[in-house]
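Predicted, not measured: the structure shown is a model, and the values here were computed from it.
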Amino acid sequence: GYEGQPLDMDSLQYLNEEFLSRTKRQIDKITEAALQDYQEIVNAEKLDFNVLDAVDKYYDRRRIKDIISSSDPTDYSNHYLVTVCEFGATIGKLLKEFDGYDWLYSHPYFHSIIVHKETGLAITVFDWAVKKFSEYGVDDGFVAKTHVAMETVDKHRAGK
């Protein structure tokens with residue numbers, strides 16, 4: 001129904017003001033925490049593609065296996081969940097820095113996605129993160145994957 005029309009993100013947001021505000025704050029906090037936690041991997045003052053690349057390469061199969069085996073699935077602050085959410089929020093933050101990309105927030109927060117407002121194309125950054133930290137996407141190369149997603153959006157905008 002939105003094909004060829006820019007999306008009005010405010011009208012698409014279905015969360016009431018309380019949940020919307022809470023979700024925005026939660027993703028902002030996760031993103032800030034990611035930068036702090038990534039200091040153990042790469043010394044950086046801000047999140048950028050170099051940080052994403054360093055973190056992506058750091059978390060290889062062995063480290064991911066260690067995180068999974070040491071995480072209690074009943075604890076919502078377990079290392080696996082925190083790491084996955086920080087990785088997804090990082091990708092979202094980097095995409096949001098480009099013109100036309102914004103969060104479409106959802107509840108729970110890890111169902112939030114990045115949407116390109118002009119095309120309506122969505123990038124499910126938290127799903128990407130889950131795939132990174134599972135067998136399916138360990139070696140995808142998330143800087144390249146993010147750039148391919150943006151190129152796909154650009155091709156869609158150009159009608160190709």
Side-chain angles (χ1 to χ4, degrees), residues 7 9-10 12-117 121-150 153:
L7 297 178
M9 298 298 282
D10 291 332
L12 289 177
Q13 293 289 352
Y14 71 92
L15 298 177
N16 67 36
E17 279 301 316
E18 178 187 346
F19 274 111
L20 181 60
S21 178
R22 186 181 312 163
T23 302
K24 285 179 181 180
R25 280 193 315 272
Q26 196 161 21
I27 290 176
D28 287 345
K29 285 179 184 178
I30 291 167
T31 307
E32 291 168 15
L35 179 59
Q36 296 306 310
D37 291 345
Y38 295 163
Q39 296 303 310
E40 297 174 12
I41 300 167
V42 59
N43 185 17
E45 293 183 24
K46 67 177 191 133
L47 295 174
D48 59 23
F49 284 106
N50 293 323
V51 172
L52 179 62
D53 190 50
V55 172
D56 187 20
K57 288 174 179 170
Y58 176 81
Y59 286 108
D60 58 11
R61 281 184 164 73
R62 182 187 57 78
R63 285 192 174 103
I64 292 168
K65 182 181 176 192
D66 291 346
I67 291 172
I68 291 170
S69 63
S70 68
S71 294
D72 177 357
T74 64
D75 177 7
Y76 285 108
S77 64
N78 75 59
H79 190 53
Y80 179 81
L81 181 62
V82 169
T83 305
V84 167
C85 290
E86 287 180 350
F87 195 78
T90 297
I91 297 169
K93 173 169 181 12
L94 296 177
L95 283 165
K96 195 170 182 282
E97 291 176 1
F98 290 88
D99 190 40
Y101 293 88
D102 204 353
W103 283 105
L104 179 58
Y105 295 101
S106 188
H107 183 77
Y109 68 88
F110 49 79
H111 287 300
S112 299
I113 60 176
I114 293 289
V115 174
H116 184 261
K117 295 183 277 189
L121 295 175
I123 302 170
T124 55
V125 294
F126 291 107
D127 290 346
W128 281 17
V130 169
K131 289 175 182 172
K132 161 65 183 173
F133 289 88
S134 67
E135 181 61 29
Y136 179 81
V138 174
D139 299 318
D140 281 2
F142 281 83
V143 170
K145 186 173 184 169
T146 302
H147 281 69
V148 167
M150 290 188 298
V153 168

- [ ] Output yes when D127 and K131 qualify as a salt bridge under the 4.0 Å nitrogen-oxygen rule, no when they do not.
- [x] no

Open item on the list: Quick check: Y59 with F87 (ring centres under 6.0 Å apart)?
Closed with: no

Open item on the list: When you measure from the side chain of Y38 to the backbone of E86, do you find a donor-acceptor pair of N or O atoms at a distance under 3.5 Å?
Closed with: yes

Open item on the list: Please enumerate all residues that pass salt bridge (charged side-chain N to carboxylate O under 4.0 Å, His left out) together with K145, with sequence neighbours excluded.
Closed with: D140

TODO: May I ask you to check whether S70 and Y80 show a side-chain donor-acceptor distance below 3.5 Å?
DONE: no

Task: Under 3.5 Å donor-acceptor, R61 side chain and V138 backbone - done: no

Task: Contact check, side chains of L52 and L47, non-hydrogen atoms, under 4.5 Å - done: no

Open item on the list: Tell me if a side-chain donor or acceptor on H147 pairs with a main-chain N or O of V143 at a distance below 3.5 Å.
Closed with: yes

- [ ] Return yes when atom CG of N16 has more than 12 non-hydrogen atoms of other residues, nucleotides or ligands closer than 6.0 Å, and no otherwise.
- [x] yes

Open item on the list: Could you report the tightest heavy-atom contact between N78 and P73, atom names first, then the distance?
Closed with: ND2-CA, 4.1 Å

Task: Euclidean distance, I114 CD1 relative to M150 CE, rounded to 0.5 Å - done: 11.5 Å

Task: Nearest heavy-atom neighbours spanning S112 and S106 - done: OG-N, 2.9 Å

Open item on the list: For the CG atom of L35 and the NZ atom of K93, what is their distance to the nearest 0.5 Å?
Closed with: 9.0 Å

Task: Interatomic spacing from CG in L15 to OG1 in T23 - rounded to 0.5 Å - done: 5.0 Å

Side chains of residues 24-32: which donor-acceptor partners sit under 3.5 Å, not counting sequence neighbours?
from	atom 1	to	atom 2	distance (Å)
R25	NH1	S21	OG	2.7
T31	OG1	I27	O	2.8

- [ ] State, with a plain yes or no, whether a side-chain heavy atom of T146 is found less than 4.5 Å away from one of L95.
- [x] yes

Task: Considering all heavy atoms, the nearest V125-G92 contact - done: CG1-N, 3.9 Å

Open item on the list: Return the CG to OG1 distance between L104 and T124, rounded to the nearest 0.5 Å.
Closed with: 12.0 Å

Task: Heavy-atom side-chain contact between T90 and V55 under 4.5 Å - done: no

Open item on the list: Around atom CD of E17, are there more than 12 heavy atoms from other residues, nucleotides or ligands closer than 6.0 Å?
Closed with: no

Open item on the list: I'd like to know whether I123 forms a side-chain contact (heavy atoms from CB on, under 4.5 Å) with Y101, so could you lay out the CA-CA distance, the side-chain angles of the two residues, the decisive distance to 0.1 Å, and finally the verdict.
Closed with: CA-CA 10 Å; I123 302 170; Y101 293 88; 4.2 Å; yes

Task: Nearest non-hydrogen partners of Q39 and A44, listed with the distance - done: NE2-O, 2.7 Å

TODO: State the CH2-CD1 distance between W103 and I113, to the nearest 0.5 angstrom.
DONE: 9.5 Å

Task: Minimal non-hydrogen separation, C85 against F126, with atom names - done: O-CE2, 3.3 Å

Task: Any donor-acceptor N/O pair, K132 side chain to D56 backbone, under 3.5 Å - done: yes

Task: Reported CG-to-CG distance for the pair D48 and D53, which is rounded to 0.5 angstrom - done: 10.0 Å

